[in-house]
Amino acid sequence: MAEATVEEEKSLMLKIAQILNDASTSNATHNRKLKELSALRSKTSSSSLFFSAFCKTLTPLFAFQRRTASAERTVRFVSAFATARDSGPASQCDAFLEDFLRFLLPVSAAANRTHRFRACQIVSSIILQLPDDAEVSSELWDEVIDCMKLRAGDKVPVIRISAVRALSRFASDSGNSDILDLFLDMLPLEQTVEVRKTIVLSLPPSNVTAQAVIDSTLDVSESVRKAAYCVLASKFPLQSLSIKHRTLILQRGLADRSVAVSNECLKLMKDEWLIKCCRGDPLELLKFLDVETYEFVGESVADALLKACLIKVRDGENIRQYISSSDEMTEEDSARCTPSIQLMEAEALFIGG
């Protein structure tokens with residue numbers, strides 16, 4: 001009986017290996033191969049036998065150091081399979097997911113850096129793809145979170161990146177405030193650009209994180225500064241920011257030495273602030289910036305909008321409309337009156353002055 005089981009496992013491993021090999025060649029094959037692998041799991045005599053064969057077949061991937069396209073496709077496929085819900089019982093899929101995560105956690109703490117990286121990479125990919133209705137025990141999630149928090153301090157940058165990505169899904173939960181604290185502690189101390197960028201992209205919106213993201217607009221790396229403006233655009237509406245922060249964001253971004261960063265700032269200002277929040281009205285945007293106090297920012301914003309052809313000065317919208325023309329006064333009026341001065345909003349000075 002044991003010999004028959006061994007032979008069945010070997011046969012399973014060959015079939016799984018062929019599916020993984022096919023999936024590594026192109027992302028286009030993944031949906032079809034996921035169905036094949038799910039069908040193979042359903043036809044296997046026991047779920048434990050399939051799981052054993054699956055993990056043994058996958059083991060060589062953990063020793064594969066190079067980040068080739070085929071290896072990355074395999075990681076993506078394996079993660080998709082672990083989170084997929086097929087036509088079989090949902091409990092079977094959930095049980096496989098839990099077993100697979102428990103298999104990965106010890107590997108993520110292995111002495112070999114390549115083993116740690118691949119395990120963390122797969123765990124991160126699983127967490128980010130996991131549907132909200134997946135049933136995973138709270139105890140297992142706690143183990144996963146604790147493991148990834150440890151790996152966030154790993155000496156290998158790519159492992160830290162995978163750990164931060166994995167933790168990012170839990171960072172906004174009020175019960176996991178320690179994750180957010182971890183990110184905020186890591187950010188100013190992190191030496192690797194890609195890790196800093198990943199942390200910035202992973203920060204949820206809040207008053208505390210707003211300051212951290214705005215501070216990142218001064219990062220020495222162009223890619224981190226650009227990421228900071230992407231996060232500000234996607235997670236922080238104009239009204240959620242203080243006037244000081246709004247002006248600081250634009251003052252830094254529009255004057256950034258990198259064209260890519262200044263364009264990202266301009267995109268934030270145009271798409272999110274001007275169009276979404278101010279209905280395309282530049283005067284409304286300038287009111288949000290308190291240009292009486294922050295005059296330099298008002299000038300920079302108006303200049304940037306004009307250069308981008310986002311505002312146009314219409315006939316009559318200039319300083320002259322606020323002073324009555326001497327041609328409109330009689331000689332008698334002119335002798336006894338000074339020209340009539342109308343009050344002009346500060347914002348209009350930057351648009352029409």
Side-chain angles (χ1 to χ4, degrees), residues 65-69 71-73 75-76 78-80 83 101 104-105 107-109 113-130 141 144-173 176-206 208-236 249 252-253 256 258 260-261 264-265 267-268:
Q65 188 172 8
R66 293 173 57 205
R67 297 193 66 177
T68 61
E72 300 305 304
R73 284 192 287 265
V75 168
R76 194 176 300 114
V78 167
S79 304
T83 59
L101 285 171
L104 291 168
L105 291 183
V107 186
S108 69
R113 59 186 288 170
T114 305
H115 293 178
R116 293 200 310 277
F117 164 61
R118 288 299 180 190
C120 290
Q121 185 186 28
I122 296 172
V123 168
S124 175
S125 185
I126 286 174
I127 290 174
L128 294 178
Q129 293 186 56
L130 196 65
W141 273 142
V144 171
I145 290 173
D146 288 343
C147 180
M148 291 299 103
K149 283 161 65 177
L150 286 174
R151 297 280 62 84
D154 199 282
K155 62 183 179 182
V156 181
V158 289
I159 296 177
R160 297 200 297 274
I161 289 173
S162 292
V164 169
R165 285 176 178 163
L167 292 169
S168 66
R169 181 158 183 177
F170 308 101
S172 58
D173 295 344
N176 292 313
S177 59
D178 53 337
I179 294 176
L180 182 55
D181 292 339
L182 175 65
F183 286 173
L184 294 174
D185 289 342
M186 287 176 64
L187 186 56
L189 302 175
E190 178 57 55
Q191 298 297 308
T192 304
V193 169
E194 282 304 311
V195 182
R196 292 203 304 276
K197 178 181 175 181
T198 303
I199 295 172
V200 169
L201 292 171
S202 300
L203 291 174
S206 73
V208 176
T209 57
Q211 186 61 58
V213 176
I214 292 170
D215 288 345
S216 295
T217 61
L218 289 178
D219 196 279
V220 295
S221 167
E222 174 187 306
S223 65
V224 176
R225 298 198 305 276
K226 185 177 178 182
Y229 284 101
C230 287
V231 170
L232 288 168
S234 62
K235 298 181 182 180
F236 294 90
I249 289 166
R252 291 175 180 174
D256 197 280
S258 163
V261 176
E264 198 66 43
C265 179
K267 182 181 178 184
L268 153 74

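The CD1 atom of Ile179 lies 4.0 Å from the CG atom of Asn176; values are rounded to the nearest 0.5 Å. Note: Lys197 NZ to Asp219 CG = 11.5 Å, rounded to the nearest 0.5 Å. Between atom CG of residue Asp185 and atom CD1 of residue Ile199 there is a gap of 10.0 Å, rounded to the nearest 0.5 Å. Interatomic distance, OG of Ser108 versus CG of Asp154, reported as 9.5 Å (0.5 Å rounding). Summarising the geometry, atom CG belonging to Leu104 is positioned 5.5 Å from atom CD1 belonging to Ile122; distances are rounded to the nearest 0.5 Å. A distance of 9.5 Å separates CE of Met186 from OG of Ser202, quoted to the nearest 0.5 Å.
Using modelled atom types, one side-chain atom of Lys235 and one backbone atom of Leu203 make a donor-acceptor pair closer than 3.5 Å. Using modelled atom types, one side-chain atom of Arg169 and one backbone atom of Ile127 make a donor-acceptor pair closer than 3.5 Å. Here the side chain of Tyr229 pairs a donor or acceptor atom with the backbone of Ile249 at under 3.5 angstrom. Under a 3.5 Å cut-off, the side chain of Ser162 and the backbone N or O of Ile159 do not form any donor-acceptor pair. A donor-acceptor pair is defined here as one N or O able to donate and one able to accept, closer than 3.5 Å; such a pair exists between the side chain of Ser206 and the backbone of Thr209. Put simply, the side chain of Ser79 gets close to the backbone of Val75: a donor and an acceptor are under 3.5 Å apart. Listed for the Thr192 side chain is no donor-acceptor partner under 3.5 Å among the backbone atoms of Glu194.
We find that Asp178 and Lys149 are joined by a salt bridge, their nearest charged nitrogen and carboxylate oxygen being less than 4.0 Å apart.
Nearest heavy atom pair, residue Ala233 against residue Leu268, reads CA-CD1, 3.5 Å. Scanning both residues, Val195 and Pro157, for their nearest heavy atoms gives CG2-O, 3.7 Å. The minimum heavy-atom distance between Ser216 and Leu187, with the atom names listed, is OG-CD2, 3.8 Å. Across Ser221 and Arg196, no two heavy atoms sit closer than the pair CB-NH2, 3.9 Å. The nearest pair of heavy atoms linking Met148 to Ala163 is O-CB, 3.4 Å. When every heavy atom of Glu264 is checked against every heavy atom of Cys230, the shortest pair comes out as OE2-SG, 3.3 Å.
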Dump the intermediate steps for side chain to side chain contact (heavy atoms under 4.5 Å, CB included) on Asp256 and Cys265, then the final yes or no. CA-CA 9 Å; Asp256 197 280; Cys265 179; over 6 Å; no

Take Gln121 and Ser125, measure what side chain to side chain contact (heavy atoms under 4.5 Å, CB included) needs, and give me the verdict at the end. CA-CA 6 Å; Gln121 185 186 28; Ser125 185; 5.8 Å; no

Stepwise side chain to side chain contact (heavy atoms under 4.5 Å, CB included) test for Val123 and Arg151: CA-CA 12 Å; Val123 168; Arg151 297 280 62 84; over 6 Å; no

Val156 and Phe117: side chain to side chain contact (heavy atoms under 4.5 Å, CB included), yes or no, with the steps? CA-CA 8 Å; Val156 181; Phe117 164 61; 5.8 Å; no

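Under the side chain to side chain contact (heavy atoms under 4.5 Å, CB included) criterion, Leu128 pairs with Ser124, Arg165, Ser168, not counting sequence neighbours. Listed by chain and number, the residues in a ring-ring contact (aromatic ring centres under 6.0 Å, His included) with Phe236 amount to none (sequence neighbours excluded). Checked against salt bridge (charged side-chain N to carboxylate O under 4.0 Å, His left out), Glu72 has the following partners two or more places apart in sequence or in another chain: Arg67, Arg118.
Here the rule is side chain to side chain donor-acceptor pair (under 3.5 Å) with Thr217, and of Arg225, Arg252, Lys226 only Arg252 fits it.
For the pair Leu180 and Val208, the minimum side-chain heavy-atom distance is 4.5 Å or more.
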